[in-house]
2 protein chains.
Amino acid sequence: MEEILTQSEENYIKAIFSLYQQTNAPVSTNDLAERMETKASSVTDMVRRLSEKSLLLYTKYKGCELTKEGERTALKTIRKHRLWETFLVEKLKFGWDEVHDIAEQLEHIRSVKLTDQLDAFLDFPKFDPHGDAIPDKNGEIVQREKSCKLSDLELESEAIVIGVADGSPSFLRYLDKHQITLGTKLVIKERFEFDDSMEVELNDTILSLSSAASSKITVQLV
Amino acid sequence: MEEILTQSEENYIKAIFSLYQQTNAPVSTNDLAERMETKASSVTDMVRRLSEKSLLLYTKYKGCELTKEGERTALKTIRKHRLWETFLVEKLKFGWDEVHDIAEQLEHIRSVKLTDQLDAFLDFPKFDPHGDAIPDKNGEIVQREKSCKLSDLELESEAIVIGVADGSPSFLRYLDKHQITLGTKLVIKERFEFDDSMEVELNDTILSLSSAASSKITVQLV
DNA sequence: TGTATTTTTTAGTCTTATCTAAAAATATTT
DNA sequence: AAATATTTTTAGATAAGACTAAAAAATACA
Ligand SMILES: [Mn+2]
Ligand SMILES: [Mn+2]
Ligand SMILES: [Mn+2]
Ligand SMILES: [Mn+2]
């Protein structure tokens, strides 16, 4: 079969994959429209097309979910996206806040050999610059043991930053400014009930974090 | 202004640039259609659109030629194409016969910083894997001194291969098979009038080349 | 259970990029 | 110069992917 998909189709597939992961329920037309920054009517059209290509199952008024084939497609695109992000940061010296939009384009380049050679060139990385797992050639992804949100940690616990739940440039630059990056070790020194903010120690300094910030930082206890 | 162009528009611009270079005359609708592997009517449409965006000058029945702006656009795309080809060969270990189609996609990625960082990563290469000059950030290209076709050389002259006039995989693989690559040194040992074929010495062996082959190899006298 | 609200689909339009077939302009021959 | 051949443009269609406005279905809620 080996269907050739347009960039738009690949973007939709990725969005459906990601929305489905959040709820484990069929993705609604409206949710998808919001994610894709388009109109519900456009989504209905596209979902019909993708269903026609048996990349997803669609029932009128009931939303859609990917087929096995659709999932494979999503994982291929995600693999490429994250490999390119890794390339941009590791080899081309981009900041982790600058790579998403470019990877959003690069992920659509069609060449299995390119993807696999890039993977090898990068030494088969398991995680991208934001801590997200990179699917391997077969779509397999490393499952991480016991990670949690920084905001969930108790007083005096020590943890290492392993990811971010928000990849927006503004948030990433905020983290940069405060010297928080993947691998940063921190200790919870204080927690304030009234606004769920906390103070953490890192690099021998104390940093105050809002609940909005701490809930978007993924950590692992040391 | 900074017009955003579609991939198709960029491909047309590149084709017009290249066809114009061959004849220094306006590019005819039919020639362009043949190069783009499309129909003349499609070309008329596209040329109108590009003229509307003042990337080229078009006179009905008289063909078209790029404006300064169009030329800049062409050079930007060519720069990206050749940088990516270089990346694929130098870093990802592709053969020079495998990179064109992939670069044909990569050349459309929009990010000035990406292009410039890639350029730096590759150490500002002046030529791509086929010996073609890579325009720099400002669109400037290195002009080579006295190069000529291998087929133009006289008996006993010594020369170095610096390029190919045909980038097709089949020709490039033919060269690979006979150990001819950029930098290969060869000496003309024999020339046959009746079919314009020749025998050249390289790596201490004698190789016979048809006129079709020798006229597509660009060399420089040593 | 009937009404109001929200969600989703349908219908119709637009743009880009393509195509085929026919008409018009240009170029080549006789 | 007229006839013929070639090139190019026009006219009309199609498909993807988007939009708006209106209709229909599903859900919420009084
Ligand atoms: Mn994308
Ligand atoms: Mn990422
Ligand atoms: Mn291209
Ligand atoms: Mn090349």
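Just so it is clear, the values below take in all heavy atoms, side chains as well, and ignore hydrogens, waters and symmetry mates. Just so it is clear, the structure is predicted and the values come from calculations on it, not from any experiment.
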Checklist outcome for this item: When B:Tyr61 and A:Thr6 are each assigned the nearest nucleotide of DNA chain D, the 5'-most assignment goes to B:Tyr61
Next on the checklist: With a 4.0 Å limit, can you tell me whether A:Tyr12 has a side-chain N or O closer than that to the phosphate oxygens OP1/OP2 of D:dA16?
Outcome noted: no
Checklist entry - Should B:Thr44 be listed as having a side-chain N or O under 4.0 Å from OP1 or OP2 of D:dT10? => result no
Checklist entry - Which nucleotide of DNA chain C is the first, and which the last, in the 5' to 3' direction, to come under 4.0 Å of a heavy atom belonging to chain A? => result C:dT7 to C:dT10
Checklist entry - So, A:Lys53 and A:Glu69, do they make that salt bridge, N to O below 4.0 Å? => result no
Checklist entry - Can you tell me if B:Thr38 uses its side chain to pair, donor with acceptor, with the backbone of B:Glu34 under 3.5 Å? => result no
Checklist entry - Once you round it to whole Å, what is the distance between P of D:dG17 and CG of A:Leu5? => result 10 Å
Checklist entry - Does A:Thr86 reach the side chain of A:Pro129, with side-chain heavy atoms less than 4.5 Å apart? => result yes
Item to check | Ion pair check, A:Glu154 and A:Arg191, cut-off under 4.0 Å | outcome: no
Item to check | Donor-acceptor under 3.5 Å (A:Lys80 side chain, A:Ile109 main chain) | outcome: yes
Next on the checklist: Using a 4.0 Å heavy-atom cut-off, does A:Ser41 contact any base of the nucleic acid, only the sugar-phosphate backbone, or nothing at all?
Outcome noted: base
Item to check | side-chain N/O A:Ser8 vs D:dA18 OP1/OP2, d < 4.0 Å | outcome: yes
Next on the checklist: From CG of B:Asp45 over to P of D:dA11, roughly how many Å is that when rounded to an integer?
Outcome noted: 12 Å
Checklist entry - Below 4.0 angstrom from OP1 or OP2 of D:dC19, is there any side-chain N or O of A:Ser42? => result yes
Item to check | Aromatic ring proximity, centroids under 6.0 angstrom, B:His100 and B:His81 | outcome: yes
Item to check | For atom CD of A:Glu10 and atom C1' of D:dG17, their distance in whole Å | outcome: 15 Å
Item to check | Rounded interatomic separation in angstrom, taking CD from B:Glu34 and C1' from D:dT6 | outcome: 14 Å
Item to check | Six-ring centre of A:Tyr58, A:Arg49 cation under 6.0 angstrom, axis tolerance 45° | outcome: no
Checklist entry - When you match A:Met46 and A:Lys60 each to their closest nucleotide on DNA chain D, which lands nearer the 5' end? => result A:Met46
Checklist entry - Mapping B:Lys39 and B:Arg49 onto DNA chain C by nearest heavy atom, which one lands closer to the 5' end? => result B:Arg49
